[in-house]
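What follows is a set of notes on a single structure, which appears directly below.
Chain naming here is simple, since letters A, B, ... match the order of the sequence lines and numbering starts at 1 in each.
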Number of protein chains: 2
Amino acid sequence: MEPATPVRTRVRLVDVAELAGVTKSVASRVLNGDTTINVRPSTKQRILDAARTLNYAPHAGAKALAGARTKALALLVPDLMNAVYARIARGAYQRAREHGYVVLLAEDTVDSNAQSDYTDLVGAGRVEGLLIASARQGHPLLDSGQLDAIPHVFVNRSVPGSGRSLTVDLQGASQIAFDYLKGLGHERMAHISGPGVLMPAQEREKGFVAAASAAGYPAPFVVREIFDEAGGFRAAQQIIEARPDVTAVYAGTFSQSVGALKALRRSGVDVPGDVSVLSYDDLPLAEYLEPSLTTMSLPLLGLGQLAVDALVAQLQGTPPRDIVLPEKPIILERESTATVRSPGTA
Amino acid sequence: MEPATPVRTRVRLVDVAELAGVTKSVASRVLNGDTTINVRPSTKQRILDAARTLNYAPHAGAKALAGARTKALALLVPDLMNAVYARIARGAYQRAREHGYVVLLAEDTVDSNAQSDYTDLVGAGRVEGLLIASARQGHPLLDSGQLDAIPHVFVNRSVPGSGRSLTVDLQGASQIAFDYLKGLGHERMAHISGPGVLMPAQEREKGFVAAASAAGYPAPFVVREIFDEAGGFRAAQQIIEARPDVTAVYAGTFSQSVGALKALRRSGVDVPGDVSVLSYDDLPLAEYLEPSLTTMSLPLLGLGQLAVDALVAQLQGTPPRDIVLPEKPIILERESTATVRSPGTA
DNA sequence: CTGAAAGCGCTTACAG
DNA sequence: CTGAAAGCGCTTACAG
């Protein structure tokens, strides 16, 4: 059994140079857009044409070895199945291509070996930088000190002291959420938050509580559950039980909202008649649920795009800094939220 | 502005060799598990220890240049947001790691440039092989002849004549679906199929129609719509309008089912009282919809895993062949399906 | 300005 | 069996 060998032998830089009647050096410089070189436009054109004719694709490994940039970035996400990361990834891909970079996506799950992911991608010299959307507190990469050696950016994660966090203003989002619900006349609200160790959950929670306090409203009832449907389900049960007078629920994720909807329905609580539900993450599905979900839409695509911008800037020597996306999240109103029921109607 | 240079200089093979007191050659062979070499166990151990101590990570580019395998595969999916591909991807990652490979994920959307994706990954020598889950008919890669030069496998896509298709038996799945609905007493069924050009849609459709015909049942009413919620919504509307006597709907995707549920609800059709809905793709969400969705669960993780196995085998010289997953899909029964309503009850 | 040459970090025939 | 050496395809000081 012979290893399958590619049929066609690789087109090399020399081949291009030969066809264009120049040396490798010139061809290399022209192809790489070196501006310090001075070649006749006709020569330049000949080289470009030759490359196109031969379908020249430079060997990434050779380039990297010779000291050139690999023009590759890696994006680490905690969960491929999560639509939020899928959006961020899409934004990152788009923008990366505009910068001439490829993005290599890796799922950095809790049980997968972050260490070997890192080694495979960074240690092996495959990528120039890392977009990390998977950094929870205590993440192995954070403590290993390995990140010191490589340009990186934290996406949708504020890592204290890193100076490299790219985030949406979630406290601000919670303020918007509060104002919206308040505008509908709600006073007794609950918030379905996430695991305490997760920064986004903390931010949302803090902002919501602060907003209520600033408005002189009763403190929202906060319950922390994991970010999936089951978490939302349990959270809603707790809310109904502990605070039956709550008229509005603000949930941290789409999945939690779906779970909450189910729990409320089960308990005979009408949405939005008795309780309004405000969700996160405007997925196509939101419109098709029963009732359709009012959602807070975060600029996720933009987050991915700006993350790439920030990383590329870092690669070019700009000192890294924390960035909070300027775009405000917006609320897309659907059926799950409504004016508060008049007191005593229930 | 200086380019950010990594602080630590790279640990090379020589460094490991030196520390272990051997030459590069020996170190290389030992590290790569060359069995033809004969070294004392103690020497071998010293080399391994040295590598670990120094945290040695071989430069992927240099290895590739020197003719070694890159130990990297690329997976092309049409849509990152689609949970089906996320599962396939997860399966592929797992298995690839077991084989010592990295998987680079790329979203190969209709409007993205498949050509440049290809060039970036294959042409640049970044990967040894391609897992293609994005090949629709007329896909640029299919006609360009470029695939001749690289080992590849089509995942969940049967590309006629390729001899490299890895698929689930969707006709068989449709047979199972039919038998299930028939078992519930349904006779007048409809099928929400997908765009005619997509092989999976064709297979499902063909199998369902054939099953009905073989059983001597009326031909199912088939409507072709795109694979998302909106498609399912429109499809259900057409079904209600054209065939109000239909009692069971078999939808090709989860999203279509969600859309269909909404359309039925809107039209006052009770699910499963009036019409049963059988969906595909057992997502966590299925349980939380109203009513919860009965789904056909495909061995998606296994598909990703076997795809990697097949590609790795190909890389080792085994002639490629079409493979149909042996595992049968299973039906997870929930609330959206029920025994047919007794005739005339409506 | 331009081209010849060195060197990036590996692997693997090949000679000893 | 083992080690010195060539070579993979590039880039980029450096000498001319």
Side-chain angles (χ1 to χ4, degrees), chain A residues 3 5-6 8-44 46-47 50-51 54-72 119 122-126 128, chain B residues 3 5-6 8-44 46-47 50-51 54-72 119 122-126 128:
Chain A
T5 51
R8 194 176 37 179
T9 175
R10 166 168 285 285
V11 175
R12 294 150 309 160
L13 181 59
V14 250
D15 303 321
V16 175
E18 252 169 34
L19 183 61
V22 297
T23 63
K24 282 196 319 180
S25 314
V26 185
S28 172
R29 296 197 249 244
V30 165
L31 256 16
N32 289 313
D34 185 335
T35 49
T36 69
I37 192 182
N38 213 336
V39 287
R40 258 168 301 182
S42 64
T43 309
K44 184 171 170 186
R46 246 185 306 126
I47 297 173
L54 297 177
N55 228 301
Y56 174 61
H59 190 281
K63 292 191 79 155
L65 237 202
R69 336 227 59 151
T70 59
K71 287 289 186 174
T119 304
V122 179
R126 287 197 161 97
E128 293 176 43
Chain B
T5 51
R8 193 177 38 179
T9 173
R10 167 168 286 284
V11 176
R12 294 152 308 160
L13 181 59
V14 250
D15 302 322
V16 175
E18 252 169 36
L19 182 62
V22 297
T23 62
K24 283 193 320 178
S25 314
V26 185
S28 172
R29 295 196 250 244
V30 165
L31 257 16
N32 289 312
D34 184 336
T35 50
T36 69
I37 192 182
N38 213 337
V39 286
R40 259 168 302 182
S42 63
T43 310
K44 184 172 169 185
R46 246 186 304 127
I47 296 173
L54 297 177
N55 228 301
Y56 173 61
H59 189 281
K63 292 192 80 156
L65 236 202
R69 336 227 59 153
T70 59
K71 286 289 186 176
T119 304
V122 179
R126 286 195 162 99
E128 293 178 43

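Atom CG of B:Leu31 sits about 13.5 Å away from atom NZ of B:Lys24, to the nearest 0.5 Å. For the atom pair CZ (A:Arg126) and OG1 (B:Thr70), the distance works out to 6.0 Å, reported to the nearest 0.5 Å. Here the straight-line distance linking atom OG1 of A:Thr35 with atom CG of A:Asn32 works out to 11.5 Å at 0.5 Å rounding. Atom-to-atom distance recorded for A:Ser25:OG and A:Asp34:CG is 11.0 Å, nearest 0.5 angstrom.
If you take CG of B:Asp34 and P of D:dG3, they are 14 Å apart, rounded to a whole angstrom. When rounded to the nearest whole Å, the span between CZ of B:Arg29 and C1' of D:dC1 equals 9 Å. Rounded to whole angstrom, the span from the CZ atom of A:Arg69 across to the C1' atom of D:dC10 amounts to 16 Å. Between the CD1 atom of B:Ile47 and the C1' atom of C:dT11 there is a distance of 15 Å, rounded to whole Å. Between the CG atom of A:Asn38 and the P atom of C:dT2 there is a distance of 6 Å, given to the nearest Å. Rounded to whole Å, the distance from NZ on B:Lys71 to C1' on C:dC10 is 16 Å.
Taking only side-chain nitrogens and oxygens, A:Asn32 comes nearer than 4.0 Å to OP1 or OP2 of D:dT11. Contact check, A:Ser28 against D:dC10: no side-chain N or O comes under 4.0 Å of OP1 or OP2.
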Under the rule of Watson-Crick or G-U wobble with both distances under 3.5 Å, where | means paired to another strand and [ ] a crossing pair, DNA chain C maps to |||.||||||||.|||
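In terms of position along DNA chain D, the nucleotide closest to B:Val22 lies nearer the 5' end than the nucleotide closest to the other residue of the pair B:Val22 and A:Ala68.
Judged by distance alone, the side chain of A:Arg10 and the main-chain N or O of B:Gly123 form a donor-acceptor pair under 3.5 Å.
Looking only at side-chain heavy atoms (C-beta outward), A:Val11 and A:Asn55 stay at 4.5 Å or farther from each other. Side chains of A:Arg29 and A:Val26 form no contact here, defined as non-hydrogen atoms less than 4.5 Å apart.
Under the salt bridge (Lys or Arg N to Asp or Glu O under 4.0 Å) test applied with B:Glu128, the options B:Lys71, B:Lys63, B:Arg69 reduce to a single match, B:Arg69.
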Got a list of protein N/O to nucleotides 5-9 of chain C N/O distances below 3.5 Å?
residue: C:dC8; atom: O2; partner: A:Leu65; partner atom: O; Å: 3.1
residue: C:dC8; atom: O2; partner: A:Ala66; partner atom: N; Å: 3.2
residue: C:dG9; atom: N2; partner: B:Ala62; partner atom: O; Å: 3.2

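The minimum heavy-atom distance between A:Val16 and A:Ala50, with the atom names listed, is O-CB, 3.7 Å.
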